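Computed from heavy atoms alone, side chains included, the values below leave out hydrogens, waters and symmetry copies. Keep in mind it's a predicted model, so treat the numbers as computed, not measured.
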Amino acid sequence: MNSNSRIQIAKTGYVIISFAFCVLGVLLIVSPDISTLLLYRIGGVIMLLFGAVKIVGYFSKDLYRLAFQYDLAFGILLMALGVVLVFRTSHMVTLLGIVIGIYVLADALLKIQIAIDSRSFGLRKWWLILSVAVLTGLAGFLLILRPSESMNALMILFGLSLIAEGVLNLITILTAVKIISKRFPEQIE
């Protein structure tokens, strides 16, 4: 499989998973009393898939090499979290908000770095990645703090964090990943 195919698979996967995060986030906001076990299992499957997409993205060689530069470690982390959510759901109910909050905050911080690197590459929409990354980081930080012990409030905050993470990934992948058709990215150094 050539690099352009891997980039296209990763880009398409990012878009689909980003929409899935947003849909799951809206579902949590609209219906915060949804079955926690079902929600975590669905979230676990999405994380497993997104982890696989991130790993494929890491091994592709997109033009700027920005959006996928941290995806090997984050892909493995997401797959591990997905396995835990699918198979050990009942043990994770109390910790999940904090764990996901840490993931969202860390991803937002790395996306801030990607935005700064994008600016030096001359990408015009770097500021969009930066502003959404800051908002996403704030949502992740609030999820870690758990400002309310109410399960409904926590689910709404979790939903907002998922929406922010989905939008951040979507913006990053659409603005920082370029597929060139005439030459393979491996030839560009």
Please report the interatomic distance [atom1]([X]) to [atom2]([Y]), rounded to the nearest 0.5 Å.
| X | Y | atom1 | atom2 | answer |
| --- | --- | --- | --- | --- |
| I173 | S18 | CD1 | OG | 8.0 Å |
| I76 | D71 | CD1 | CG | 11.0 Å |
| L160 | L138 | CG | CG | 10.5 Å |
| L49 | K54 | CG | NZ | 13.5 Å |

Practice problem: Go through the steps to decide whether L130 and I112 satisfy the test side chain to side chain contact (heavy atoms under 4.5 Å, CB included), and finish with yes or no. | Solution: CA-CA 5 Å; L130 179 66; I112 289 171; 3.7 Å; yes
Heavy-atom pair with the smallest gap, counting every atom of [X] and [Y]:
| X | Y | value |
| --- | --- | --- |
| T175 | L123 | O-CD1, 3.8 Å |
| I156 | P32 | CG1-CB, 3.9 Å |
| R41 | L85 | CG-O, 4.1 Å |
| I46 | A20 | CD1-CB, 4.1 Å |
| I171 | V132 | CD1-CG2, 3.5 Å |
| R6 | S60 | CB-CB, 3.7 Å |

Side chain proximity check, [X] to [Y], heavy atoms < 4.5 angstrom:
| X | Y | result |
| --- | --- | --- |
| L168 | L135 | no |
| I98 | L143 | no |
| M47 | I100 | yes |
| K11 | L174 | yes |

Exercise. Flag the pair Y103 / F74 as yes when their ring centroid distance falls below 6.0 Å, and as no otherwise.
Key: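 Y103 vs F74: aromatic centres under 6.0 Å.
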Quiz item: What about the rings of Y70 and Y58, do their centers lie closer together than 6.0 Å?
Solution: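 Here the rings of Y58 and Y70 have centres that are no less than 6.0 Å from each other.
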Examine [X] and [Y] and state if one hydrophobic cluster contains both, with Ile, Leu, Val, Met, Phe, Trp and Tyr joined whenever side-chain heavy atoms are less than 4.5 Å apart.
| X | Y | value |
| --- | --- | --- |
| V56 | I16 | no |
| F50 | V45 | yes |
| L38 | F87 | yes |
| I17 | V83 | yes |
| V134 | L145 | yes |

Practice problem: Give the intermediate values and the outcome of side chain to side chain contact (heavy atoms under 4.5 Å, CB included) for residues K111 and I114. | Solution: CA-CA 5 Å; K111 294 290 192 317; I114 289 171; 4.0 Å; yes
Quiz item: How far apart are the C-alpha atoms of D107 and N169, what are their side-chain angles, what is the distance that settles it, and do they pass the side chain to side chain contact (heavy atoms under 4.5 Å, CB included) test?
Solution: CA-CA 9 Å; D107 191 45; N169 285 322; 3.6 Å; yes
Exercise. Determine, stepwise, if the pair F19 / L170 fulfils side chain to side chain contact (heavy atoms under 4.5 Å, CB included).
Key: CA-CA 8 Å; F19 279 120; L170 191 61; 4.1 Å; yes
Quiz item: Hey, is the main chain of L28 close enough, under 3.5 Å, to the side chain of S31 for a donor-acceptor pair?
Solution: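 Judged by distance alone, no pair lies under 3.5 Å.
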Quiz item: Can a donor-acceptor pair be found between the side chains of Q8 and T12 at a distance below 3.5 Å?
Solution: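 Present: a donor and an acceptor within the cut-off.
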